[in-house]
Amino acid sequence: MVSGLEGVVVTRTRLSHVDGENGALLICGLHIEDIAGHQDFETTTCNLWSHIIHDMPLQTFRERLAQARCEIIEYLDVIECAEYTRMPTYEALRAMIALLPDGTSIDDALRLIAAPAVFLPAIVRIRHGERIVYPSMQHGHSHDFLHMLRGTPPTKEDIEALDAYLVTVIDHGLNASTFASRVVASTGANLNSCVLAGMGALLGPLHGGAPGPVLDMLDSIEVHGDIASWCRRELDSGARLMGFGHRIYRVRDPRADVLKAVLDKRAAKGHFSERVIFAQRVEQIALELLRQKKPDRSIKTNVEFYTALLLENLQIDRTLFTAVFAMSRIAGWIAHAIEQKQDGRLLRPQSEYIGAKPNSSQV
Ligand code: ACO
C-alpha cells in the first residue's frame, strides 16, 4: 500500500509532464516558460486538444469557442430566477455547469470551457445588482471574460496577464483533480461528469482552494506586523503556510516563476507594487523558516502563491480564484478524459482491508 499513491504510475499521457526533481513542466512537449506569456489560452488549448479536434485550424477553434460563449447566454435566464447568486461562487458555477447538456462531442467540450467564462461574470454582476455584459464573437477568451466581469474593456496588458495565467495552469500531469476526471472517464461517463468530478477535487485547500487563503495569510501577517513571528507561530501550531509545498516538486514550482515574471512586469508599471514587494518579503522569510522546520522535505513556493498575487493584481475578487483556476483546468480535464477514453481501461485499484472480521467460529 502506498500512502497517497505517492510515486505510483497509473497511466500514460502525451499531454503534460511534471519533472519534480528538475522543476520542469512540459505541456505537449513544450516547456511552460516557452508558452505562458507567449501563447493565448486558445492556442494552448488547441494544442492540448489535438486528439479531440484533430486538424481544426486555430482560427476555426477561436471562432467556435467564441460561438460557444455566445450560445451559453441562453442559460443565463436560469441564474436570474434561481438561487445561484446566493450560493458561494464556486458552488454556483458547479451547479450551472451541471445543467449543461452532457456528451462527448467537440461541441460539448467547447461548451464546457466556454461556460465558466460566461457564468462567472454573470453570477458576480447579478449578485452586485449590475446588468449582465454579453459575450462577443470579436473578443478572445481572456478579453471577453474580463470585459464581461468588469463591464469595461480590459487593457492589452490585463488580457495578456490573464492569458499567461490560464496557460500556466491548464494542465499538470496526474494531479488530484485530473486523476478524479480520468477515473470518471474510465467508467464511460460523459464529459460533464468528468468536469464536475475535477471541480470537486480542485476545491480543497491542498489543491486549487489555496490561493484565496494565501491572500488571507498575507492580510493577517500585515495586520500582525512581524512576518517571522507570525509564520513561526503558525508552524509551531502545526498549521501549513499556504502557497508553499508540493507533492512532486522538490525544487521551485516552475509555474510560480512564470507567474512571478508576469507580476514583476506589472508591479514595475505601478500595479499594486507595494503589495508585491511585501508578499515577496513574506515568501523569503517563509522559505527560510520552512527550511529550518522541515530540513528533509524541501518545501518551496508553489503556483498558488503567485496565482493569488496575480489574480489580485488583475482586480479579481479572491472568492473567484478557484473558479478562475477551474476555467483553465477544465481544458486539461477534458483533454485527459478523452485520452483516457481513447487509450485507457477502467481505473479500479484495490484497498487493504483493516476493519472488523467475523469471529473465527463463523468463518
Ligand atoms: N507549510 C508547513 N508545512 C508543510 C507545508 C506547508 N505549506 N507543506 C508541507 N508541509 C509539511 C507537512 O506538515 C508534513 O510535515 P510532517 O511530515 O512533519 O507531518 C510534510 O511537510 C509533508 O507534508 P505532506 O502533506 O505529506 O506532503 P504532500 O506532498 O502531500 O503535500 C501539499 C503537498 C498538500 C501541497 C502541502 O505542501 C500543503 O498542504 N501546502 C499548503 C497548501 C497549498 O499551498 N496548496 C496548493 C498546492 S499547489 C496545487 O495543488 C495547484
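Keep in mind that what you see is a predicted model, and the values were worked out from it rather than measured. We count ligands from 1, going down the list as the structure has it; atoms in each ligand are counted the same way.
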Pair [X]-[Y], side-chain donor/acceptor within less than 3.5 Å:
{"X": "Arg345", "Y": "Ser186", "value": "no"}
{"X": "Gln280", "Y": "Gln284", "value": "no"}
{"X": "Asp144", "Y": "Ser136", "value": "no"}

Please state which protein non-hydrogen atom is closest to [atom] and give its distance, to 0.1 Å?
{"atom": "atom 20 (C) of ligand 1", "answer": "Arg297 CD, 4.0 Å"}
{"atom": "atom 35 (C) of ligand 1", "answer": "Gly245 O, 3.7 Å"}
{"atom": "atom 15 (O) of ligand 1", "answer": "Lys294 NZ, 3.2 Å"}

Discussion item. Looking at atom 44 (O) of ligand 1, tell me if a protein heavy atom falls under 4.0 Å from it.
Written reply: yes

Worksheet item: Within a distance of under 4.0 Å, is there any protein heavy atom near atom 23 (O) of ligand 1?
Response: yes

Just let me know how [X] lines up against ligand 1, side chain, backbone, both or neither, with a heavy-atom cut-off below 4.0 Å.
{"X": "Leu206", "answer": "both"}
{"X": "Leu290", "answer": "side chain"}
{"X": "Pro205", "answer": "backbone"}
{"X": "Ile299", "answer": "side chain"}

Does [X] reach the side chain of [Y], with side-chain heavy atoms less than 4.5 Å apart?
{"X": "Tyr165", "Y": "Val324", "answer": "yes"}
{"X": "Ile221", "Y": "Phe278", "answer": "yes"}
{"X": "Asn190", "Y": "Cys194", "answer": "no"}

Worksheet item: Does a side-chain N-to-carboxylate-O contact under 4.0 Å join Arg111 and Asp107?
Response: no

Has ligand 1 got any nitrogen or oxygen that is less than 3.5 angstrom from a nitrogen or oxygen of [X]?
{"X": "Glu304", "answer": "no"}
{"X": "Leu241", "answer": "yes"}
{"X": "Phe244", "answer": "yes"}
{"X": "Arg250", "answer": "no"}

Item to complete: Would you confirm whether Thr307, through its side chain, and Val303, through its main-chain N or O, come within 3.5 Å as a donor-acceptor pair?
Response: yes

[X]: numbered ligand 1 atoms lying under 4.0 Å from its heavy atoms:
{"X": "Ala210", "value": "43 (C), 44 (O), 45 (N), 46 (C)"}
{"X": "Leu235", "value": "2 (C)"}
{"X": "His207", "value": "46 (C), 49 (C), 50 (O), 51 (C)"}

Discussion item. So, 4.0 Å and heavy atoms of Gly243: is ligand 1 close enough to count as a contact?
Written reply: yes

Discussion item. If we only consider heavy atoms of Asp253, is any one of them less than 4.0 Å away from an atom in ligand 1?
Written reply: no

Worksheet, complete the sentence: With sequence neighbours left out, the residues meeting ring pair (Phe, Tyr, Trp, His ring centres under 6.0 Å) with His143 are His139

Discussion item. Is it true that, when you exclude Ile354 itself, more than 12 heavy atoms of the residues, nucleotides or ligands shown sit nearer than 6.0 Å to its CD1?
Written reply: no

Practice prompt. Pick whichever of Arg240, His172, Arg247, Met242 has a heavy atom sitting closest to atom 42 (C) of ligand 1.
Written response: Met242

Fill in: Qualifying residue for side chain to side chain contact (heavy atoms under 4.5 Å, CB included) with Thr44, from Val167, Leu30, Thr168, Leu166
Val167

Response to the item:
For residues 320-336, the side chain to side chain donor-acceptor pair (under 3.5 Å) pairs (sequence neighbours left out) are Asp171-His336, Asn175-Arg329, Ser177-Trp333, Arg182-His336

